[in-house]
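See below for the structure under consideration.
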Amino acid sequence: MPSDHSIGSEFYDGQIECVFTDRSKEDRLFRERSEFVEACFLRFGKKIAHLDTEVMELSQTFNAPVVDTEKERRHVADTLNKVYIESLNNSILSEILNTLGGDPKNLGSLKRLQRVFEKVAPNDDVAAVLSPLYVLYDLRVAYSHLTSAETAEGVWGKVTDRLGLPTASSLTILYDTLLSKLSETFVFLTKLAENERPAIIT
């Protein structure tokens, strides 16, 4: 007998009606990151991410923002940065870039990742592809470092502009847009990594 309740939730669908629900946007993004890491391993023979246990714990305990406060902005920026940027293994990216003929000296992990894929796909605008990761980094600078309120608001304006959003956008809107853009980034990078698989780097 059909339920006469009006409970439009994933929990009700999954637990009561036994309906398989779509993955959350957080789950999809993390899966796409994992596929990217795997594609890089197949391409370069090295794992470009580390701290797997810590990253998994962060991703499983992370909750999407429900209110727009400075504390929530800090939480979102800090956690997403740890999972999607700080988890990159800078030393491995350096080794890969060296093998491809690039110079990793004085470069952070995002710049090294960019240089690697500029070597892999010289005809693609890799900087534009990686833009959402740089946006995430900027967001963390604004809310996870000791800065003035004026500086933080300035970075917020820069971040929303790069995402094509009005400066007055709420954290929820920015968050949804950023996750969507990050998904596009990882899907595109995975395709670049899978385009060609040379001999494993030793």
Side-chain angles (χ1 to χ4, degrees), residues 24-37 40 48-49 55 58-59 62-88 90 93 97 102 104 106-193:
S24 69
K25 55 185 173 292
E26 292 82 8
D27 286 345
R28 287 196 301 272
L29 176 57
F30 193 78
R31 181 190 63 193
E32 286 154 359
R33 170 201 177 269
S34 299
E35 290 172 351
F36 166 64
V37 171
C40 285
I48 67 166
V55 166
L58 281 171
S59 67
F62 175 74
N63 293 313
V66 292
V67 293
D68 189 352
T69 64
E70 186 168 335
K71 181 179 179 181
E72 279 289 89
R73 290 185 180 192
R74 185 181 304 113
H75 170 66
V76 167
D78 188 57
T79 304
L80 293 182
N81 193 82
K82 286 177 179 175
V83 173
Y84 295 104
I85 297 178
E86 289 184 25
S87 66
L88 293 171
N90 210 18
L93 288 171
L97 185 54
N106 299 324
L107 297 179
S109 56
L110 277 184
K111 279 295 183 184
R112 288 182 180 182
L113 183 66
Q114 179 179 330
R115 296 286 190 271
V116 164
F117 277 89
E118 284 172 346
K119 292 290 185 180
V120 168
N123 296 322
D124 286 283
D125 189 352
V126 176
V129 172
L130 288 175
S131 179
L133 287 167
Y134 284 109
V135 166
L136 174 56
Y137 179 80
D138 286 345
L139 196 62
R140 180 174 180 266
V141 168
Y143 290 101
S144 294
H145 292 262
L146 184 61
T147 59
S148 68
E150 183 180 357
T151 298
E153 285 306 307
V155 174
W156 181 265
K158 178 182 176 183
V159 163
T160 52
D161 183 62
R162 291 176 70 181
L163 292 174
L165 297 171
T167 303
S169 297
S170 68
L171 175 59
T172 302
I173 292 173
L174 182 140
Y175 174 80
D176 288 342
T177 304
L178 179 57
L179 258 61
S180 176
K181 297 289 187 183
L182 287 169
S183 286
E184 292 173 5
T185 292
F186 284 115
V187 169
F188 194 91
L189 289 175
T190 297
K191 290 178 180 177
L192 290 185

Just verifying a value: how many Å separate [X] [atom1] and [Y] [atom2], rounded to the nearest 0.5 Å?
{"X": "Leu107", "Y": "Leu93", "atom1": "CG", "atom2": "CG", "answer": "10.5 Å"}
{"X": "Leu133", "Y": "Asp138", "atom1": "CG", "atom2": "CG", "answer": "11.0 Å"}
{"X": "Leu110", "Y": "Arg115", "atom1": "CG", "atom2": "CZ", "answer": "11.5 Å"}
{"X": "Ser131", "Y": "Leu163", "atom1": "OG", "atom2": "CG", "answer": "7.5 Å"}
{"X": "Glu118", "Y": "Lys111", "atom1": "CD", "atom2": "NZ", "answer": "7.5 Å"}
{"X": "Leu88", "Y": "Leu113", "atom1": "CG", "atom2": "CG", "answer": "6.0 Å"}

Take Leu174 and Trp156 through the test side chain to side chain contact (heavy atoms under 4.5 Å, CB included) and record every step on the way to the result. CA-CA 10 Å; Leu174 182 140; Trp156 181 265; 3.7 Å; yes
Shortest non-hydrogen separation from [X] to [Y] and the atoms involved:
{"X": "Thr167", "Y": "Thr160", "result": "CA-OG1, 3.5 Å"}
{"X": "Pro65", "Y": "Thr172", "result": "O-OG1, 4.2 Å"}
{"X": "Leu192", "Y": "Asp124", "result": "CD2-OD2, 3.6 Å"}
{"X": "Ala49", "Y": "Arg33", "result": "CB-NH2, 3.5 Å"}
{"X": "Glu26", "Y": "Tyr84", "result": "O-OH, 4.2 Å"}
{"X": "Val55", "Y": "Ser87", "result": "CG2-CB, 3.5 Å"}

Side chains of [X] and [Y]: closer than 4.5 Å at any heavy-atom pair?
{"X": "Phe62", "Y": "Leu80", "value": "yes"}
{"X": "Asn90", "Y": "Arg112", "value": "yes"}
{"X": "Val116", "Y": "Ile48", "value": "no"}
{"X": "Val135", "Y": "Lys181", "value": "no"}

Which residue, Val126, Val129, Leu130, forms the side chain to side chain contact (heavy atoms under 4.5 Å, CB included) with Phe188? Val129
With Tyr175, the side chain to side chain contact (heavy atoms under 4.5 Å, CB included) member among Leu179, Ile173, Leu178: Leu179
Contacts of Asp68 meeting salt bridge (charged side-chain N to carboxylate O under 4.0 Å, His left out) (sequence neighbours excluded), chain-then-number -> Arg73
Between Thr69 and Leu171, is the side chain to side chain contact (heavy atoms under 4.5 Å, CB included) condition met? List the steps. CA-CA 8 Å; Thr69 64; Leu171 175 59; over 6 Å; no
Any chance CD of Glu70 has more than 12 other-residue heavy atoms, nucleotides or ligands included, within less than 6.0 Å? no
Going by side-chain hydrogen bond (donor to acceptor under 3.5 Å, both in side chains), Asp78 matches just one of Lys82, His75, Arg74. Which one? Lys82
Looking at residues at least two apart in the chain, or sitting in another chain, which of them share a ring-ring contact (aromatic ring centres under 6.0 Å, His included) with Phe36? Phe117, Phe186
